[in-house]
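Just so you know, these numbers use all the heavy atoms, side chains as well, and skip hydrogens, waters and symmetry mates. Fair warning: this is a prediction, and the values are worked out from it, not measured in the lab. Naming: A, B, ... by sequence-line order, numbering from 1 per chain.
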2 protein chains.
Amino acid sequence: MPHAAARPVQEIRAFNRFYTNLIGALDYSRRLYVPYTLTEARVLYELNHARHLDAADLRAELTLDAGYLSRLLGKLEKDGIVERAPSTRDPRRQRITLTARGRETAALLDERSSEAVGSLLSDVPAAQRPRLAEAMRTVREILSGAEDGAARSRPFLREPGPGDLGWIVERNAALYAAEYGFNIDYEGLVARIVADFAEDHDPHLERTWIAELDGRRVGCVMCVRDDAPGTARLRLLLVEPDARGHGIGDQLVSACIDFARGVGYREMVLWTNDILGAARAIYQRHGFVLVDEKPHRSFGVDLVGQDWQLHLAGEDTP
Amino acid sequence: MPHAAARPVQEIRAFNRFYTNLIGALDYSRRLYVPYTLTEARVLYELNHARHLDAADLRAELTLDAGYLSRLLGKLEKDGIVERAPSTRDPRRQRITLTARGRETAALLDERSSEAVGSLLSDVPAAQRPRLAEAMRTVREILSGAEDGAARSRPFLREPGPGDLGWIVERNAALYAAEYGFNIDYEGLVARIVADFAEDHDPHLERTWIAELDGRRVGCVMCVRDDAPGTARLRLLLVEPDARGHGIGDQLVSACIDFARGVGYREMVLWTNDILGAARAIYQRHGFVLVDEKPHRSFGVDLVGQDWQLHLAGEDTP
DNA sequence: AATTACCCTTGACTGAGTCAACGGTACGCC
DNA sequence: GGCGTACCGTTGACTCAGTCAAGGGTAATT
């Protein structure tokens with residue numbers, strides 16, 4: 001197995017060991033579930049959060065043995081925690097409902113579990129807690145995406161907030177350094193562009209967008225005034241590699257074009273380099289045409305710069 | 001319980017449910033440990049990675065019942081997997097050693113476990129894997145810090161790589177916006193500073209440092225030439241709030257001063273604002289003195305700017 | 001009408017983990 | 001040197017958790 005590929009595997013295994021230990025410590029130290037067991041508590045949790053599931057659903061959800069679950073539900077029924085009734089849709093299936101008492105019990109277990117986690121959390125410095133929650137959400141998102149069919153939320157655009165311009169600099173520099181070997185000159189160029197934008201831009205004619213997906217910044221684009229009159233310039237289009245394929249680049253370019261057309265620009269231009277193939281495809285889809293091309297050496301590499309142009313107002317408007 | 005405090009608790013509980021399910025799915029689907037059990041596998045793992053532990057250590061490490069472990073070791077011994085001998089230091093204790101066959105077995109289980117994780121990972125887009133590993137490491141670090149006495153690694157300084165200058169912009173802007181309400185002008189200022197640095201700096205006389213802790217950027221500082229001859233200017237000192245209290249600020253300022261003195265500057269100056277109390281304390285500790293102070297309005301707030309100065313060469317040098 | 005597949009139940013079983021009692025040794029303290 | 005306490009490992013008896021296979025019943029398919 002190649003070393004590079006083994007790295008995440010080792011990390012995951014270390015994490016699994018760590019977390020089984022942690023959960024063990026969390027559960028055993030106090031009697032979290034008395035008089036019920038962990039599995040019963042999980043069943044109660046599911047029932048309490050989903051209103052009368054079928055037994056088959058529970059089995060699938062918690063990957064339990066059918067016989068085990070059957071007996072388990074029998075016990076809960078005898079305790080007056082759940083009620084079992086044949087499903088109306090399919091008499092083979094069994095609809096499980098929590099009784100009032102069952103809901104109380106579930107709430108109690110819930111409470112205890114929250115307390116246990118709370119006391120664990122009390123040892124975590126408050127400043128670290130948001131990072132912890134964020135990291136856990138990331139793990140969950142990535143792995144649950146791997147399990148089922150990736151039911152992710154939709155990306156959306158917003159205007160930049162504090163730090164977002166810096167983020168644009170960081171990601172541009174880091175990505176192009178990693179992918180094409182750009183040196184620090186490129187980071188300087190991007191920093192200068194965002195500095196100019198931050199210090200002096202006309203919000204009616206110039207704008208920046210950040211694309212966000214699942215609470216994470218995954219792309220950006222900037223629209224500024226060009227020297228030529230009536231002309232807007234699109235700059236700094238970027239989509240994070242792991243977020244590509246969601247149409248985020250198109251969304252960003254569309255926002256840019258719509259904005260420019262809306263505020264009266266007649267032309268839109270942009271400068272890019274021939275090695276950026278993914279970006280070129282996006283520009284072409286939106287009607288940009290290549291108007292000039294010339295080789296240059298910048299950012300420590302030999303490149304071929306390209307000027308693209310798009311007519312915003314003209315014969316094709318009604 | 002206040003809502004804000006409950007948020008991370010809910011996140012952690014959701015994560016726990018998710019991860020117990022995941023581990024369950026991982027273990028049951030294939031026969032990972034045959035002919036041993038999960039607990040036995042954990043014991044084997046510990047032994048294989050630590051060379052002859054005492055039984056008591058195993059118990060503590062894996063939080064196992066003494067009786068359970070005793071019987072478990074008995075079984076492993078009978079299978080020729082481990083050997084038990086009284087510890088040389090304390091005859092009450094028992095030193096457990098893997099036999100050659102035990103090491104084989106451990107390696108086999110290791111292999112299988114890696115395979116299982118690998119196949120789980122194969123459903124994760126390659127682009128997401130580093131993020132996953134990173135997030136897991138974060139979770140582990142924060143929570144293990146919470147369990148024992150925070151045995152964190154030492155912070156260290158390094159020169160910036162691609163994206164680090166952008167990171168400086170981002171963190172400066174985000175932190176000062178959150179803590180003091182600075183507006184986008186400040187982000188512009190910082191962006192211009194790093195742009196100037198990136199585009200044109202003399203590496204012998206000007207330098208930037210990034211502080212790293214546990215693989216994460218937690219601070220920065222920049223040393224550049226000032227207009228006045230023989231004078232260096234310290235800029236953009238920053239330490240992440242959750243990493244404060246480790247002496248990182250001092251480390252950064254020391255690096256800056258040592259560098260400036262080493263390359264022959266005679267003075268070091270810096271400009272800051274009176275509201276930045278933590279930074280002031282650091283400057284004072286390193287011998288800076290306040291030489292000027294005047295109110296101004298910048299970044300959308302009313303501030304009192306301060307000029308500080310430090311003699312690098314003079315009567316106090318031998 | 002027959003086949004197949006799924007749903008639940010039941011009995012019999014193995015494995016995982018707990019609890020309490022016990023003998024042995026180390027260590028601190030008179 | 002002797003005593004109490006505390007920890008180490010062992011053992012027996014037990015409960016709880018989970019598995020497997022057989023079986024009766026209904027739904028969907030043909």
What nucleotide among [options] has an atom nearest to a side-chain atom of [X]?
| X | options | answer |
| --- | --- | --- |
| A:Thr37 | D:dA17, C:dC8, D:dC8 | D:dA17 |
| B:Arg93 | C:dC19, D:dC8, C:dC7 | D:dC8 |
| A:Ala56 | C:dG15, C:dG17, C:dC8 | C:dC8 |
| A:Arg84 | D:dA17, C:dT9, C:dA16 | C:dT9 |

Separation of [N] [atom2] from [X] [atom1] (nearest whole Å):
| X | N | atom1 | atom2 | result |
| --- | --- | --- | --- | --- |
| B:Asp57 | D:dC7 | CG | P | 15 Å |
| B:Asp65 | C:dA16 | CG | C1' | 11 Å |
| A:Tyr68 | C:dA12 | OH | C1' | 17 Å |
| B:Leu73 | D:dT10 | CG | C1' | 11 Å |
| A:Leu38 | C:dA16 | CG | P | 16 Å |
| A:Glu40 | D:dG18 | CD | C1' | 13 Å |
| B:Leu64 | D:dT10 | CG | P | 14 Å |
| A:Arg59 | D:dT19 | CZ | C1' | 14 Å |

Measure from the side-chain N and O atoms of A:Gln128 to the backbone N and O of A:Pro125, and report whether any donor-acceptor pair falls under 3.5 Å.
no
Hey, is the main chain of B:Ala66 close enough, under 3.5 Å, to the side chain of B:Ser70 for a donor-acceptor pair?
no
Under-4.0 Å side-chain N/O to phosphate OP1/OP2 contact, B:Ser70 with D:dT11:
no
Tell me whether the rings of A:Phe15 and A:Tyr19 are parallel (<30°), tilted (30 to 60°) or perpendicular (>60°).
parallel
Which part of the nucleic acid, if any, lies within contact of [X], taking any heavy atom under 4.0 Å across all strands shown: a base, the sugar-phosphate backbone alone, or nothing?
| X | answer |
| --- | --- |
| B:Asp90 | sugar-phosphate |
| A:Arg95 | nothing |
| B:Arg71 | base |

Note: for B:Leu69 and A:Arg42 on DNA chain D, the residue whose nearest nucleotide lies more 5' is B:Leu69
Between B:Asp79 and B:Arg101, does the salt bridge (charged side-chain N to carboxylate O under 4.0 Å, His left out) criterion hold? Intermediate values first, please.
CA-CA 9 Å; B:Asp79 288 5; B:Arg101 187 162 158 214; over 6 Å; no
Given the options A:Arg93, A:Gln94, A:Arg59, A:Asp54 meets side-chain hydrogen bond (donor to acceptor under 3.5 Å, both in side chains) only with A:Arg93
Between B:Arg89 and A:Arg92, who's closer to the 5' end of DNA chain C by nearest nucleotide?
A:Arg92
